[in-house]
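Reviewing the structure listed below.
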Amino acid sequence: MKNQIVTATQERITIRHVAQDAGVSVAAVSKVLRNAYGVSEALRTKVEASIEKLNYRPSVAARGMRGRTYTVGILVIELSNPFLPGVIESANTMLSENGYKSLIGIGRSASPIEASMIESMIDNRMDGVLIIAPRISGKVLERYARQIPIAVIAHHEPHAQTYDTVNSDDRKGAALAVEVAVSQGYRDIAMLGYDLLDSPSTVVALQREMGYVEAMKQAGLESRVIRLPPVAENREAAIRDFLATANRPRAVFVWSDLDAVPLINAARTSGIRVPEDLAIIGYDNSPMAAIPLVGLTSVDQNAVELGRMASEVLMGRIDGRQEARHVLIEPHVELRGST
DNA sequence: TGCCAGAGAATCTGGTCTAT
DNA sequence: ATAGACCAGATTCTCTGGCA
């Protein structure tokens with residue numbers, strides 16, 4: 001039943017069916033599909049009509065055999081962080097404007113899951129992978145990057161050779177937070193981080209800690225880092241303990257809005273005035289920070305630029321660039337009522 | 001003679017089937 | 001058990017015919 005275009009069992013419609021229906025060659029259909037040079041308007045119209053009529057969709061697997069699938073995987077650590085959708089949306093827009101389709105995978109904050117998702121993306125012949133805040137080490141990323149072009153957001157590894165990184169300048173962002181606090185007259189400025197355990201220096205929170213410590217030193221002030229339990233654990237009690245400490249600082253720079261928003265909430269509900277008793281500066285400028293009742297001063301990482309730049313860098317890799325690119329995006333502080 | 005639209009055939013990868 | 005043929009469905013290279 002090969003010469004019947006649509007069979008009772010709905011056999012897959014291929015480029016050959018379209019060519020047959022339009023009365024042209026397979027190569028001509030391919031040219032129309034790729035918007036390639038040397039196609040008359042009449043031929044294009046005929047082919048497009050057949051594509052529409054037969055409801056044809058090109059096979060990604062077959063395209064993969066010839067090189068490109070025009071599919072990119074976006075692997076994200078998890079979805080509960082409100083900062084991430086902005087990055088994903090921006091990357092997705094940029095990729096789609098350049099003819100790529102993106103498929104999203106969720107790593108659920110676990111290295112084995114991330115690794116298996118990257119492997120699936122390689123197996124499905126995706127052209128590249130954009131990874132946001134990976135848990136897996138740079139060493140493992142180096143290994144995968146030999147098999148597929150990789151660009152990573154929120155992973156500081158300026159010496160990586162086989163993959164690219166795009167980050168907010170987290171050290172500078174932390175320094176800006178300290179600068180804002182100092183300029184508003186605060187001296188007793190602590191940082192609320194989290195227990196990094198044996199995390200490598202690629203982790204953004206550690207970069208922010210380093211930036212904070214450096215900036216405090218530069219301002220001639222004593223730094224004081226208070227660490228909440230690891231990210232996976234419940235930190236409500238630890239936040240309450242921090243608020244109840246006798247020598248609570250006058251201002252606190254929190255490593256992320258993920259903890260800064262619960263902190264501002266806990267402070268207000270327990271009668272601590274923000275900023276009169278405690279000034280709070282967060283990081284990420286997540287949508288929650290901007291809600292008037294929250295009003296959290298926060299360091300903005302420029303999510304749109306992160307997503308845009310990472311896509312650009314990844315497409316460069318896909319196009320064959322060999323030398324690594326490591327991009328830092330300028331952060332800025334969004335001032336609100338919490339300072 | 002040269003350009004352009006379009007056709008034919010080679011080619012890609014990785015798995016399955018068939019012959020030895 | 002192994003080697004080689006074959007297949008999927010695209011892209012791409014090379015060639016041809018028509019026309020200015």
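We name chains A, B, ... by the order of the sequence lines, and we start the count at 1 in each one. We use all heavy atoms of the structure for the numbers below, so side chains are in, but hydrogens, waters and symmetry mates are not.
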Fill in: Earlier contact from the 5' end, DNA chain B, for L43(A) and R66(A)
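Mapping each residue to its closest nucleotide by heavy atoms, the 5'-most match is L43(A).
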
Which whole-number value in Å describes the distance from [X] [atom1] to [N] [atom2]?
| X | N | atom1 | atom2 | value |
| --- | --- | --- | --- | --- |
| K31(A) | dC13(C) | NZ | C1' | 11 Å |
| Y37(A) | dG6(B) | OH | P | 12 Å |
| L54(A) | dG9(C) | CG | P | 14 Å |
| I13(A) | dA10(C) | CD1 | P | 10 Å |
| D123(A) | dG15(B) | CG | P | 9 Å |
| R12(A) | dG9(C) | CZ | C1' | 8 Å |
| I15(A) | dC7(C) | CD1 | P | 19 Å |
| N124(A) | dG14(B) | CG | P | 13 Å |

Classify the nucleic acid contact of [X] as base, sugar-phosphate or nothing, counting any heavy atom under 4.0 Å across all strands shown.
| X | answer |
| --- | --- |
| A28(A) | sugar-phosphate |
| R68(A) | nothing |
| V39(A) | sugar-phosphate |
| S40(A) | sugar-phosphate |

Would you say [X] places a side-chain N or O within less than 4.0 Å of OP1 or OP2 belonging to [N]?
| X | N | result |
| --- | --- | --- |
| R63(A) | dC12(B) | no |
| Y70(A) | dT11(C) | no |
| T14(A) | dG9(C) | no |
| S30(A) | dT11(C) | yes |

Note to self: Would E209(A) and R227(A) count as a side chain to side chain contact (heavy atoms under 4.5 Å, CB included) here? Give the steps.
What the structure shows: CA-CA 10 Å; E209(A) 251 193 57; R227(A) 292 201 173 94; 2.6 Å; yes

Counting only side-chain heavy atoms from C-beta out, which of dA7(B), dT12(C), dT13(B) sits nearest to S25(A)?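 Nearest nucleotide to the side chain: dA7(B).
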
Q.
Checking contacts here: which listed nucleotide (dA5(B), dT13(B), dT11(C)) is nearest the side-chain heavy atoms of M65(A)?
A.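 Looking only at heavy atoms from C-beta outward on M65(A), the closest nucleotide is dT13(B).
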
Q) So, does N92(A) use its side chain to make a donor-acceptor pair with the main chain of I88(A) at under 3.5 Å? A)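 Answer holds: no.
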
Donor-acceptor contact below 3.5 Å, side chain Q207(A) vs main chain D170(A)
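No, the answer is negative, given that no donor and acceptor are paired below the 3.5 Å cut-off.
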
Start at the 5' end of DNA chain C and walk down; is the nucleotide closest to A27(A) or to A61(A) reached first?
->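 Here A61(A) is the residue nearer the 5' end.
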
For T165(A) and H155(A), what are the C-alpha separation, side-chain angles and deciding distance, and is it a side chain to side chain donor-acceptor pair (under 3.5 Å)? CA-CA 7 Å; T165(A) 63; H155(A) 169 91; over 6 Å; no

Are any of the side-chain nitrogens in R68(A) or D319(A) under 4.0 Å away from the carboxylate oxygens of its partner?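 Yes, charged N to carboxylate O under 4.0 Å.
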
